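Fair warning: this is a prediction, and the values are worked out from it, not measured in the lab. Numbers restart at 1 for each chain; the letters A, B, ... are given by sequence-line order, proteins then strands.
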Protein chains: 2
Amino acid sequence: MSTRLNASNINPHVREAKYAVRGELAVKSEEFRAKLARGDNDLPFSEVISANIGNPQQLDQKPLTFFRQVLSLLENPLLLEKESALIEHFDYKPDVIERAKWLLSKVGSVGAYSASNGVPAIRQSIADFLERRDGFPAKESDIYLSGGASSGVNTLLHVICADEKTGILVPIPQYPLYTASLSLLNATCVPYYLDESKNWGTDLAAIKKACADAKAQGVDVRAIVIINPGNPTGASLSETDIRDIIEFAREERLVLMADEVYQTNVFVGEFVSFKKVLSTLQKENPGKFDHVELASLHSVSKGMVGECGHRGGYFELVNFDPAVQAEIYKFVSITLCAPVIGQCLVELMVNPPKEGEPSYELYKKEYDGIFNGLKERAYALWRAFEKMEGVECGEPQGSMYLFPTIKLPAKTAEAAKAEGRTPDEFYAMKLLEATGVCVVPGSGFGQKEGTLHFRTTFLAPGTEWVGSIVKFHEDFMNKYR
Amino acid sequence: MSTRLNASNINPHVREAKYAVRGELAVKSEEFRAKLARGDNDLPFSEVISANIGNPQQLDQKPLTFFRQVLSLLENPLLLEKESALIEHFDYKPDVIERAKWLLSKVGSVGAYSASNGVPAIRQSIADFLERRDGFPAKESDIYLSGGASSGVNTLLHVICADEKTGILVPIPQYPLYTASLSLLNATCVPYYLDESKNWGTDLAAIKKACADAKAQGVDVRAIVIINPGNPTGASLSETDIRDIIEFAREERLVLMADEVYQTNVFVGEFVSFKKVLSTLQKENPGKFDHVELASLHSVSKGMVGECGHRGGYFELVNFDPAVQAEIYKFVSITLCAPVIGQCLVELMVNPPKEGEPSYELYKKEYDGIFNGLKERAYALWRAFEKMEGVECGEPQGSMYLFPTIKLPAKTAEAAKAEGRTPDEFYAMKLLEATGVCVVPGSGFGQKEGTLHFRTTFLAPGTEWVGSIVKFHEDFMNKYR
């Protein structure tokens, strides 16, 4: 007798889904970490650096004090019975206490389910933030709290994808959540390539061609995903690029899905939201853009907040049919609600201490410190890449990643093939084995045929690990030359 | 121009999914609540009682102090810098501080992603709990932390359901998560009826017949869902019933999915886990049951913990093929990880203060207080039902619900039809409009044709709301007689 389920009879769409960010390399890196923790010293490195995933607080980034002080009070409201002791012994400021009381008055207990789309007062707080950010109205009823942005993407793709003919335009390289989710839904991924020569900006001609080709093959192209600032590329789109994409979406009747989780991780240029540009176009051209649907996503996971373990996020729907919104509401209700403490963290993110408030000074200092630290690390890593043979990388622009091109020597392909890997997978595995640094091969995100890349975060502190990459690379190049 | 998405072109499986627990009645009850909050006084009641959903902390249940003290320290570890002030001013006991430090040493920051299947040390703690509970070994690598049990059910059904021919045996009445998830996956729900005359126990003959009928129609029946203790029924299965089900699963090669989230909400009889019975059968019959796959689910949402807003849960896999486990791991990795603070709460649930430890006394007092309070409320409600004309309800057994049969007068059907509702929906809507008490009609869970029921939690404190149900029922019966 054998088990009923085996690898060949389970859901084939699960089997087909690929998710390299937490794939073989990540599993191996955890094995190494466990080995080191056991005191096993036969590895050629003393620490595993998980540069494969944007996990800021695993890599030295400290949580913002104001946020965590408020959360501690939400978890144990009994602490509020002795405010003076909180102030005296733990330096909790009055605005921390006030915010916790306000949230508790709106949420009740963080241990209770909220409304399926999130706590109404938190949705209103997000709407207020969006109005301040963009200068255009936002409605709380158009906002849905989610368990991180990933869960929002899952909801939106579930509703949009009707069958295997549904096509979704997805940038390449991309964060593999999109391709994996489309595999699970058995819908069609319509890839469009970003332009590496323009620092990974969008190439409208490439998007148009990808869309036209798919339509010619009978694909019902319904939506376009834009990751801005880019993951894994870090690129920020200009307002002109965004206008062009929205105009294209209007012409082709595509739903816009704007993944904007890196909106505060911007070193070059500035973040412009799709909501702002769409609202501007609606204002400039009465009636013309009122049926262009936009879903934009954000989360507490990235930026200076970096609280991915709390699984907090939201999406805003613009110009959606109320009947479709009702179906989205039903869908999110099946999994009940997003974690309530994560919802509260979203509220803190969109409504942080303001200038003049007691917690502002420390908040600002911590926030700027993280921002500058990330920028410094990005540049240190980039300068190292600049010196490495066969490695090319644009100047850091934002997000948490660099995505260099690597040109590997001829013998690499053969050696990789012998191990059943692509050359970039082979390179990344050798890097991990030699240095303990875990990166993700470019094939995990998609790359033009004949090109090779890897993605690394620049979150890890110190410079030793950068040095070990440089050294490994030199040895690798010499070995396979 | 119209929007691209409308109710008729979105994913038809989303459209078809039904989820009454948070459906029209729940939405209407929230409107009433908002109206009352605005000071609008033209409703015939002054409070909305959400008896439609098992949401303990929305209805007076207090969180357990030990748990929330630990969580406050995990959210703000800076508090640990002044242990003496915690002890002196806030009565934090040494075991609270110790546990928080231990968890932080294993988790790092609760703001960081954990491993996709959960923090290893927490998985080990769960395995230890299962060993103590059942007297059989459990392995941490077989345990997967999830965002509440719902997310675990979603994962398991995603992997098990290969296509529309896949059938899953689901008890009727059932918690509608199962039917809704099967709709989304476009798989086949194979309903089996529970036996109301035996206080909603399982009826093996009914299960066998449902399975055989489905197979005769070409359905590939792969798994059987058991909710024990039952939702909405509260019934606890005996060891004999469980043995019979496992033996049937072995014969028919069905995966067992045991939803055991109410395992501590038991007033009558005792909870026996599927894991324990399966392990016993494996021991008694060497080799015979080693290929019977079991997935059992638990969560922090129910019981005396009642922390559903934290979205913490886990499932254990027994006898699964390692290749299938690898696919499950990949699936959960796509949504990254369960909320880490929720994972910590799972750890606290499975490893609460022990006798002799400083926090034990208060923990025990709070825990027993909640248990006894729930039991008292259950009986108060049941006694009210006993007096109501045409209402029949078994003695409370457990979970958080009563599920009475209601026999409504002849004119009800007509009046309901005129509003486009089933008679039980009509009754529940009138109840809500008259009293502010929100229950779920039996049709939301499934019921035998020609029978009518509703599900109500017995979580709400006080007796006034019970009185208002009695009064409403009398008026309703008189009006439609």
Would the number of heavy atoms belonging to other residues, nucleotides or ligands and lying under 6.0 Å from NZ of Lys288(B) be above 12?
yes
Where on Asn319(A) is there a heavy atom nearer than 4.5 Å to chain B: the side chain, the backbone, both, or neither?
backbone
Yes or no on side chain to side chain contact (heavy atoms under 4.5 Å, CB included) for Ile10(B) and Phe331(A), after CA distance, side-chain angles and deciding distance?
CA-CA 12 Å; Ile10(B) 59 161; Phe331(A) 183 88; over 6 Å; no
Checking heavy atoms, do the side chain of Ala338(B), its backbone, both or neither come under 4.5 Å from chain A?
backbone
Residue part contacting chain A, namely of Pro77(B), when any heavy atom lies under 4.5 Å:
side chain
Tell me, for Asn9(A) versus chain B, whether the close heavy atoms (under 4.5 Å) come from the side chain, the backbone, both or neither.
both
Contact part of Ser151(B) toward chain A, heavy-atom cut-off under 4.5 Å: side chain, backbone, both or neither?
neither
Is chain B contacted by the side chain of Ser72(A), its backbone, both, or neither, given a heavy-atom distance below 4.5 Å?
both
Count the heavy-atom pairs under 4.5 Å between each of Asn76(B), Val340(B), Val300(B), Leu345(B) and chain A, then report the option with the highest count.
Asn76(B)
Is Cys308(A) in contact with chain B via its backbone, its side chain, both, or neither, using a 4.5 Å heavy-atom distance?
both
When you check the gap from the basic side-chain N to the acidic O, do Arg4(A) and Asp220(B) get nearer than 4.0 Å?
yes
Where does Glu252(A) contact chain B at under 4.5 Å (heavy atoms): side chain, backbone, both or neither?
backbone
Applying a strict 4.5 Å limit to non-hydrogen atoms, the region of Ser84(A) in contact with chain B is neither
Arg311(A) versus chain B, heavy atoms under 4.5 Å apart: side chain, backbone, both or neither?
side chain
Backbone N/O of Leu5(B) and side chain of Glu293(A): donor-acceptor pair under 3.5 Å:
yes
Heavy-atom distances under 4.5 Å only: say whether Leu59(A) touches chain B with side chain, backbone, both or neither.
neither
